[in-house]
Each structure stands twice: as structure tokens, then as C-alpha cells.
Amino acid sequence: MSFTRIDALGASGLAVLLAAAVGVGCSPRPTGQVSSTPAGSIANLMKERGLSEADVSAALQTYMPTGKKDEYYTFASGGHGGNMIVIGVPSMRILKDVRVFTPEPWQGYGYGDQSNQILKQGSRFGKEMTWGDMHHPALSETGGDYDGEFVFVNDKANARIAVVDLHDFVTKQIVTSELIQSDHGATFVTPNTEYVIEASQYPAPLGGGYAPIEDYKDKYRGAVIFWKFDREKGRIDPDRSFAMELPPYMQDLADAGKLGSEGWIFINSFNTEMSYGGTLEGNPPLESGASQNDMDYMHIIDLKSAEKVAAEEGKTKKIAGMKVIPLDIANEEGLLHFVGEPKSPHGICVTPDGKDLVVSGKLDTHATVYSFEKIKGLIDAKKYDGKDAYGVPILPFKDSIRGQVELGLGPLHTQFDNKGNAYTSVFIESTVAKWSLKDLKLLGKQKVHYNVGHIVTAEGDTVSPDGRYLISINKWAIDRFAKVGPLLPQNLQLIGIDGEQMQLLYDMPLPLGEPHYAQMIKADKLDPIDIYKPAGIDVFTGEKSEFAVKAKEERIERKPDGVHVYMTAVRSHFTPDIVRVKKGDTVHLHITNVEQAIDATHGFTIGSYNVHASLEPGKHVDITFVADREGIFPFYCTEFCSALHLEMAGYFLVEPG
Ligand code: RUQ
Ligand code: CUA
């Protein structure tokens, strides 16, 4: 019996199916049919647990029997946890917690030389950051579709971008530019991942210097960085990246054009009032100062032309090492246009066909649908409503839009399905609104609990969304789960969207930082490796390490720079298992897990030395530290790897100097 299309059966159909399956109330089960479910037990279960048919339908759509795998991966930002969570859909089981901006011992991330280097790359003004505020993951794309190779994430607090390789789900690179001091319109990729977009949020003097806040209009600026991605190397190339100066409005979310609008970049903004707070100094608070104007500006950037201008002699300035197109050059070259957006817009989303843009504002009840064709026509005809204070031409709002659709209080972010529908989160009323892109009609609403921010649908911001599932990423959970004190988990709600009406399927508490945005990709698009091959791989270069150790070549060597320990790990021993050093020695541990069996992972720790490593099959790790305390320090394997796991241990002996 197949339950795959049960959502289409409706509740009464479900009852019949269930009855047939377990023989409730209908004809008795034919003799000879073997079942582990006693007759009537499902009906009893439903009764005992007070489950409705809708509940059972939801359970059947999300339950994953042992050994069965999820159809989709969702990559959700971990917010101020600085990590990224990988979730299987429809089961909503957590599959991985990828560390990006935050150290984490289980993965050994931030506990060895290699991953420390990655974290160090993200230093700002010489200071190492051990956390980040991740908002928007972006899967790499080919032809506007997710290709399953990489995912990029941002850190709003410290203006950083990271590259996570989906072959092993490990962070490979963090880039940052001191040009800007925060970001939010990040990360978004162009349809072939040529560029990863990072737009600043809070204006500041470009490059990180000081200027009095009273000089806000003159000295403070926004900027957007176009980070060039080198797919061959799987890394961002800062030397081939460039930026564009923007007026000191607060740039918000961004999106890249696709198909007909490919080559264009769209960025929202708020606070075109250029309010900067100062409540104790007699100024209006930032939030009310920033909400005076009826319209803010969508930034429309001609990226293809900007790329050419950036390559020309004398058209850019170097600020904090970044090549920047100044605002006056951008204006001269016609690279930047504005069009009005209703009050404090937040979400901006290009439709799958690349023809329209959906913008919604927290303080406006509509989603506004812009037509790229109209925008392009106005730009070509130079039909402006005037210019802003910084000389940027403003396109007439009325001539740029295709229409508006009334959605409710506080519409934010929009995603799409495969049937021409759009779904918009409505923050203040805690609903998801479904509407038709074609005739801009509201089709229905689904209540969510509570205060939804972003939503994500399956492949929902690509050129070919899948429909199927939507996850409502809610900011509050209030009464949904057993109590755990004042800090509540987040609530990710899975919603089925294949039927006429949306169906709430599952509540998933997530006891980690706030996931802002997520992207959902078909699982079969990913092809992760099982082990590192050959043994001795440095995970952060992807190459065999020069310090890789082979079985039988383990040794301890004293060199001018300290004691080098070449160690292997294999079930169930470390070789060498006694390491003798003198107090004050610098110790270089080079450990290779020489195993090539799936899941034969070992851990390594030396107690009281804050040393830890995760050694997945084939992985090589280097750990450098100073043996600054004499004594006897047991080391052991931290993964229960075998029957003799407890015996996988040794002694680190630090003799008095
Ligand atoms: S957002 S606050 Cu994507 Cu709605 Cu960051
Ligand atoms: Cu190796 Cu436990």
C-alpha cells in the first residue's frame, strides 16, 4: 500500500485508507495477511492521543522509517550562533550543524591549525572573531538552478562571507572587507555564481575610519561588494572582486536578476531619511526617524556594465584594499538607478521567470510587483522623476510596477512554487499568504506560530521551483513546546503546499541561533564524499598534507622549531601512544586517520591542554601548542569507535624543563 499521495486524498479518503490498512470498522482482515499492527490499534492510538485525521495525514507525510532518506536538504542559517544547520525534509531531522564563524569541538572546527587559519581569515582590524550573525545562505547556481556544490553565508555583524563546500560540508574560506562595517544584503549569487553579493546595512565611513555622526550625510556611505567566485578553486578571489559606493541609506536585502533580468542586481533600502538616532541628544529615535518617508529606494544596478567600468583605468578607488566604483562614476556611467518602494521595504525577490520583482514592506500591507521590462524601458528612455541628493536618477514608481496585492499586516519575504503561485510571510499577523503571480490575487492564508520571518519553498528562488514544501521560519515559539526557561527554541514549521490549501505538517524546535533564511534543495543534486581519499587529506586545501603520516612511518622528531609528532589513528590505537616532551617545548602534532572505512571517525584530546581534533576517515590534522605545564596528561579517542575505544589512549609526558 502506498501513502505517497495521501495529501491529495483529503481526510475522508484518509480514513478509508487507514481503515483498509488496519481493518477498522470495515470488513475483517483477510485471513493469512500478516501485520505487526493489531487490528484497530491505529484507531485506538488516534483516540488515546487525541489525534485528528489531519494530524495522522501530517504524520504520514513526514514520518521517515529507519533507513529511508529525506527528499530535500534545507540549509538554514544559524543566526547569531554563527553556524548553519542542515535539515532533512520532510522529516525535519537535523542532519548536520556546519560551523562557520564559531568554533565547535565535535567537528574540531577552530581546534587545529587548519580550521584556525580559516577563522583567522575572518579577522577584522586584526581582531579574531569567534562568532557571527548569519542571515542568508545562498546555494551555488548554474543556469539559475541550484547545483549542489557550494553554499555561501554571511555574517551581518562583522561584514563577512564564507564558502562552505558541499562535498564534505566544511567551511573552506572566510572573506571580509573593512570597506563596510556590517552587511545584510548577503549572500545572493548571480545565476552562474560568477559573483557573491554582499551589500552593507548600516552606513559608516568607507574603510573603517572615524567621522562625527553629525557628518552622516557627507561622510557615511553604503556599499555593495561583488565577490568574484572561482568555481575551479572553490574559493572567492578577493583580487578579482570589486565594490560600488552607495548613498548612506540603509541597504537591505538584495537579489540577482535571472533569465531576462540576468546581469542586474536589486537591493532594497530603508532610512532614506538618513536618520541616525540620538535620543539623549534631542533627536528622534532611529526607528521613527527612519519611517517618515512614504517611499524608500530600490537600488537597480547594471552589474555587467559595472564589471566593465571596474576594469577600466582610473575609474575606481582603492579603499581598505577593495576596488571601489565611486558614486559619481557610477552616476556618470549610468550604473545605478532608483525606484520608489512603499515604506520601509524588507524583502525583495525576483520571480522564477526573471520578469518581475516582488517587494514588501513591514509598514505597508501590500506586496508590490515591479516589472523588469518596464524598469529597463524607463532606464533606456532616461525617463526620470528627478534625482536623489547624491545624483542618482529615480524612475517613476507608477510606471515601474505591474501591480500590488493586499496581503495583510507586515508582509516580508516571498517564495515561489511550480504552479505560478507566490507565498509571502506576513510577520505581524503570523500567517503565510498564498497568491497568484499572474493576476495578483490572494488565494489563501495559513496561520503560523508565531511571527514568521523568512519562508522557504523547495528550490523556491530558482528558475524552476518544485512546490511540495514550505518552511515557515518563525521568530517566536511562545506556547508550542515543553518549557525550557526564558530562552525559547526557534520554531520551524513545515507546510505542505501541493494541495489547493496549505497544510501544516510539522513543528520543529531548533535550540540554536535564529535561522533567518534557508534554502531547500533536492537531495539528489548533492554528491558528498564518504571518506577523504587518499588518507592524509588536509581538509582546508583539499590536498594531501605535506605532514600526512602513513602506517609504519610514525615517529617523533626534535627540530629547531619544536617537537614534531607524526601520529596515526586507527581502530583502536594511536601510534605513538607515549609522547615525551620537555616543559616549554613547542609541540607540533601531525595526526592522520589512516582508515578508509565509512564513519570510522576518531577524536583526539589531551586533557588540560585544550587540545581537540576530529579525525574523519582519511583526514589529517595539525595541532600546534606549547607544553607549558609539566605533568602526566592522558590522551584518548573521543569517538566511541570500536569495542576497544576506551583502550584507544596514550600518555603525553611533560618532563620538568
Ligand atoms: S532578514 S533581519 Cu533576511 Cu528578514 Cu535578516
Ligand atoms: Cu577511536 Cu574511539
Side-chain angles (χ1 to χ4, degrees), residues 75-81 106 108 132-138 153-157 159 182-188 197-202 250-255 267-270 287 344-349 358-363 410-415 424-428 432 451-456 460-461 471-476 490 513-519 567-575 577 591-595 597 599-605 612-617 619 621 634-650:
F75 293 89
S77 74
H80 38 328
W106 168 59
D133 184 17
M134 191 187 291
H135 278 233
H136 308 105
V153 290
N154 74 311
D155 165 12
K156 166 169 164 161
S182 63
D183 69 33
H184 194 231
T187 54
F188 297 90
I197 299 159
E198 182 190 24
S200 63
Q201 177 130 71
Y202 304 115
M250 290 177 180
Q251 281 77 26
D252 204 19
L253 291 187
D255 204 359
I267 309 171
N268 274 337
S269 68
F270 59 96
E287 77 272 21
S344 299
H346 184 52
I348 184 162
C349 312
V358 181
V359 170
S360 17
K362 291 158 288 198
L363 305 178
L412 295 183
H413 301 287
T414 301
Q415 293 266 300
T424 301
S425 54
V426 190
F427 178 77
I428 296 174
V432 172
N451 293 7
V452 51
H454 280 270
I455 52 177
V456 54
D461 69 352
I471 298 172
S472 172
I473 308 173
N474 306 326
K475 311 224 174 252
W476 288 33
Q490 326 293 338
E514 178 187 337
H516 285 263
Y517 183 42
Q519 288 192 332
M567 182 182 277
T568 59
V570 68
R571 275 163 291 166
S572 305
H573 53 266
F574 293 108
T575 311
D577 55 2
I591 316 176
T592 302
N593 178 353
V594 294
E595 304 224 31
D599 211 6
T601 295
H602 303 284
F604 177 86
T605 183
H612 188 255
S614 171
L615 296 155
E616 296 99 270
K619 181 168 158 184
V621 171
F635 60 80
Y636 68 92
C637 171
T638 50
E639 281 267 346
F640 205 109
C641 54
S642 60
L644 294 173
H645 153 77
L646 290 176
E647 290 80 354
M648 192 167 173

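Every number for a ligand or one of its atoms is a count from 1 in the order of the listing. We use all heavy atoms of the structure for the numbers below, so side chains are in, but hydrogens, waters and symmetry mates are not.
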Atom 5 (Cu) of ligand 1: which protein heavy atom is closest, and how many Å away?
->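 Among all protein heavy atoms, the one nearest atom 5 (Cu) of ligand 1 is His184 NE2, 2.2 Å.
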Give a yes/no answer: is there an N/O/S atom of Ser642 under 2.8 Å from atom 1 (Cu) of ligand 2?
->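 No N, O or S atom of Ser642 is closer than 2.8 Å to atom 1 (Cu) of ligand 2, so no.
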Return the name of the atom in His602, of element N, O or S, nearest to atom 1 (Cu) of ligand 2.
->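 It is ND1 of His602.
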What are the atoms of ligand 1, with element, lying closer than 4.0 Å to any heavy atom of His135?
->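 That gives atoms 2 (S), 5 (Cu) of ligand 1.
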List every atom of ligand 1 that sits less than 4.0 Å from any heavy atom of His136, numbering the atoms from 1 in the order shown and giving each element.
->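 Counting atoms of ligand 1 from 1, those under 4.0 Å from His136 are 1 (S), 3 (Cu), 5 (Cu).
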Supply the atom-to-atom distance Leu412 CG to Lys362 NZ, rounded to the nearest 0.5 angstrom.
->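 Reported to 0.5 Å precision, the distance equals 8.0 Å.
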Quick one: NZ on Lys475 to CG on Asn451, what's the gap to the nearest 0.5 Å?
->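 Answer for the NZ-CG pair, Lys475 versus Asn451, is 9.0 Å.
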Look at Cys637 and state whether any of its N, O or S atoms is less than 2.8 Å from atom 2 (Cu) of ligand 2.
->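 So Cys637 counts as coordinating atom 2 (Cu) of ligand 2, yes.
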What do we get for Lys156 next to ligand 1 when only non-hydrogen atoms under 4.0 Å count, side chain, backbone, both or neither?
->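 Neither; nothing of Lys156 gets under 4.0 Å from ligand 1.
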Which N/O/S atom belongs to Glu639 and is the closest one to atom 2 (Cu) of ligand 2?
->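 Nearest N/O/S atom of Glu639: O.
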Restricting to N, O or S atoms of His645, which is nearest to atom 2 (Cu) of ligand 2?
->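 The atom in question is ND1.
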Would you say the side-chain atoms of [X] pair up with the backbone N or O of [Y], donor to acceptor, closer than 3.5 Å?
{"X": "Asn268", "Y": "Asp252", "result": "no"}
{"X": "Asn474", "Y": "Trp476", "result": "no"}
{"X": "Asn154", "Y": "Gly185", "result": "no"}
{"X": "Ser182", "Y": "Tyr202", "result": "yes"}
{"X": "His136", "Y": "His184", "result": "yes"}

Residue selection (non-hydrogen contact nearest atom 4 (Cu) of ligand 1) among His346, Lys362, Glu514 =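 Result: the heavy atom closest to atom 4 (Cu) of ligand 1 is in His346.
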Measure from atom 3 (Cu) of ligand 1 to every heavy atom in His516, His454, His413, Lys475 and give the option owning the shortest one.
->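 Heavy atom nearest to atom 3 (Cu) of ligand 1 belongs to His454.
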Heavy-atom check, side chain of Gln415 versus side chain of Asp461, under 4.5 Å =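 Yes, their side chains come closer than 4.5 Å.
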